[in-house]
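Below is one structure; the comments refer to it alone.
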Amino acid sequence: MPGPRRDRPAVLLLLGALLAADLYFHLWPRARRELAPSAPSCPCRLRSAPSAAPPPPPPPPPARAASSSSSSSASSSPLRRLFAHPLYRAAAPPGPAEPLLGAREALRYYRRKAARWNRRHKLYRQELNLTASAALLPLRPEASWLQFHLGISRDGLYPRSSPAVSRLLRDMHDFATISADYSQDEKALLGACDCSQIVKPSGVHLKLVLRFQDFGKAMFKPMRQKREEETPEDFFYFVDFQRHNAEIAAFHLDRILDFRRVPPTVGRLINITKEILEVTRNEVLQSVFFVSPASNVCFFAKCPYMCKTEYAVCGNPHLLEGSLSAFLPSLNLAPRLSIPNPWIRSYSFDGKEEWEVNPLYCDTVREIYPYSSGNRLLNIVDMAIFDFLIGNMDRHHYEMFTKFGDDGFLLHLDNARGFGRHSHDEISILAPLSQCCVIKRTTLLRLQLLAEPEYQLSAVMRESLLQDPLAPVLTEPHLLALDRRLQLILKAVRKCIDTHGEAKVVANDTRQPEAPASDRVKLST
């Protein structure tokens, strides 16, 4: 009869160690989570629980200290002074603002999308024979991107003092990416490009859709041009670079003008290897990554690379600046219309549109519905003022939510061709204002306020842009150009008033509360 094997105790000890490790690192933590009390003790978990009540606010400081600190901060902050002005605290129209989405329907729709994404992600990992289980992507009702979607109303993309927007900017900057892909228009091109076209399709401009750990999505536009570089004089507007810092600055300017029609946008340093290449499932996107002779990781858009009209962008060696613009609600939930701009430019080397040669062109536009009535023409003028301030000549279309009808606000999307030349003011962008000679009273009052030394537009923008992680976003010449262009807008309005009279030029879009005499802005200034 054979004797006992000497290696049997060692095997038993090894199995016991493995069992103990499994108990300690896997089963025991899971048991602790299951047996933990229902009321979370962690403030982060409390904040993420949808049914948990918000924590009580901290006790207010003594009245004297509060008044002195608030007065000192307000006096030193042009941005705070501006948002404290009565024009920015105007009472909303009576009744609740009409929301874009129904909360219950939106949650049900996004839960289905999250479940579908989790199923596809699981199948993808199985195809790659990845044995480690991946955590399911949860949909949290309190996620900042979802709260942003639910906060969109007839008044704008977000309320004036929206905590959801501040959280959304922070989350887009901090959260890890879990997937990256081309945008839908680039997918539609499938890498095909007609090199004989003067204007390439919008999809050929390098931009990616990034998804974050909270299931939110953002459009990523990488840095193509340094801040101190100006667009060359010989460039046509339709072949200009798309600048990431222009998208960031446009969001801040839109908020300062109180339009609230640009989606929240923030700057971020992206590790293009870890946060794009390693998380994308798109084989075409994977194939356009390469390492440059300088040992930097680069990638390009398929169509421009083949046509040799645009070039790759590179990290340093992995990090690359870019802008992240929050996605709007899905078109299945909130359909949008894309409408040609009546003042569209001729996208050719020598052609001109009618508005460029006919000074009475606006009379023709006024005869066409919906520009013949309602706020549509006034909203076009708002958009022209915004584009003139940023120097954007590429507004060939505009979009609107269909739910809000013909008088809904216009979305100011795709602003990356702004802030190209600070030394040049393209007056033709103001054609809707100078030809139609009409402007909203609220818009004019805020423009005049921003021309006052106490609320100077450049100073307010400078302070607002310092909040972005990529600050400084704009160079000083671009900031000073805002003040110069603002004066040109007011000069055009004064010329219209002198010609047609204030009653015909200034439209009372909403009833404004009477401001204190010291803060009142006069139309005659």
Side-chain angles (χ1 to χ4, degrees), residues 198-199 202 231 235-240 242 246 250 253-254 257 259 261-262 336-400 406-421 424-440 443-444 447 482 485-486 488-497 499-500 504-507 509:
I198 294 175
V199 184
S202 61
T231 299
F235 268 38
F236 284 91
Y237 49 87
F238 45 76
V239 295
D240 192 9
Q242 293 212 9
L253 178 63
D254 174 83
L257 295 174
F259 288 157
R261 300 166 196 172
V262 175
R336 302 194 301 268
L337 286 177
S338 180
I339 304 170
N341 186 353
W343 279 266
I344 189 174
R345 294 181 178 273
S346 171
Y347 283 75
S348 64
F349 290 130
D350 53 1
K352 286 187 178 293
E353 294 292 330
E354 183 182 351
W355 67 267
E356 298 178 89
V357 297
N358 180 10
L360 302 178
Y361 174 75
C362 187
D363 294 340
T364 303
V365 175
R366 289 180 190 270
E367 295 176 357
I368 304 172
Y369 184 84
Y371 306 104
S372 56
S373 61
N375 289 327
R376 181 71 65 87
L377 186 58
L378 291 168
N379 288 333
I380 290 285
V381 172
D382 278 351
M383 185 171 64
I385 290 172
F386 175 75
D387 284 335
F388 178 70
L389 287 172
I390 69 175
N392 178 26
M393 301 172 63
D394 194 36
R395 189 73 66 185
H396 44 79
H397 284 72
Y398 61 88
E399 293 190 23
M400 301 176 62
D406 292 331
D407 280 342
F409 62 88
L410 313 186
L411 292 165
H412 298 170
L413 306 177
D414 293 332
N415 305 296
R417 282 186 168 149
F419 296 103
R421 295 182 61 191
H424 175 70
D425 304 325
E426 184 56 50
I427 298 296
S428 64
I429 302 176
L430 281 180
L433 172 62
S434 58
Q435 292 181 356
C436 298
C437 275
V438 64
I439 187 173
K440 294 180 183 178
T443 299
L444 179 56
L447 291 175
L482 291 173
R485 292 167 184 167
L486 177 56
L488 293 175
I489 295 171
L490 295 176
K491 180 181 178 181
V493 175
R494 286 195 295 268
K495 182 179 179 181
C496 285
I497 291 177
T499 304
H500 303 284
K504 289 188 176 181
V505 174
V506 182
D509 50 326

Locate the shortest heavy-atom distance separating [X] from [Y]; write the atom from each residue and the value.
X: V438; Y: L433; result: O-CD1, 3.7 Å
X: D414; Y: N392; result: O-ND2, 4.2 Å
X: H500; Y: V505; result: CB-CG2, 4.0 Å
X: S372; Y: Y369; result: OG-CA, 3.7 Å

Checking the side chain of [X] only, and the main-chain atoms of [Y] only, is there a donor and an acceptor separated by less than 3.5 Å?
X: R485; Y: L389; value: yes
X: W355; Y: P432; value: no
X: N341; Y: W343; value: yes
X: R366; Y: Y361; value: no

How far does [atom1] of [X] sit from [atom2] of [Y], to the nearest 0.5 angstrom?
X: L482; Y: F388; atom1: CG; atom2: CZ; value: 10.5 Å
X: I489; Y: R494; atom1: CD1; atom2: CZ; value: 11.5 Å
X: C436; Y: L378; atom1: SG; atom2: CG; value: 9.5 Å
X: I439; Y: D509; atom1: CD1; atom2: CG; value: 10.0 Å
X: D382; Y: L257; atom1: CG; atom2: CG; value: 9.0 Å
X: L444; Y: L490; atom1: CG; atom2: CG; value: 7.0 Å

pair [X]-[Y]: side-chain heavy atoms closer than 4.5 Å:
X: L430; Y: D387; answer: no
X: M400; Y: L411; answer: no
X: Y398; Y: N379; answer: no
X: T443; Y: F259; answer: yes
X: I429; Y: M393; answer: yes
X: S346; Y: E356; answer: yes
X: I390; Y: N415; answer: yes
X: T364; Y: L360; answer: no

**OP:** Start with the C-alpha gap between C437 and C496, add the side-chain angles, then the distance that decides, and say whether disulfide bond (SG atoms under 2.5 Å apart) holds.
**Re:** CA-CA 5 Å; C437 275; C496 285; 2.1 Å; yes
Give a yes or no on whether a salt bridge exists between [X] and [Y], defined as a side-chain N under 4.0 angstrom from a carboxylate O.
X: R376; Y: D406; answer: yes
X: D394; Y: R345; answer: no
X: D254; Y: R261; answer: no

Subject >> Trace of the side-chain hydrogen bond (donor to acceptor under 3.5 Å, both in side chains) decision for H424 with E426 >> reply: CA-CA 6 Å; H424 175 70; E426 184 56 50; 2.9 Å; yes
**OP:** For the residue pair F386 and H412, categorise the inter-ring angle as parallel (less than 30°), tilted (30 to 60°) or perpendicular (more than 60°).
**Re:**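 Correct class here is parallel.
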**OP:** Walk me through it: do K440 and N375 pass the test side-chain hydrogen bond (donor to acceptor under 3.5 Å, both in side chains)?
**Re:** CA-CA 9 Å; K440 294 180 183 178; N375 289 327; 5.9 Å; no
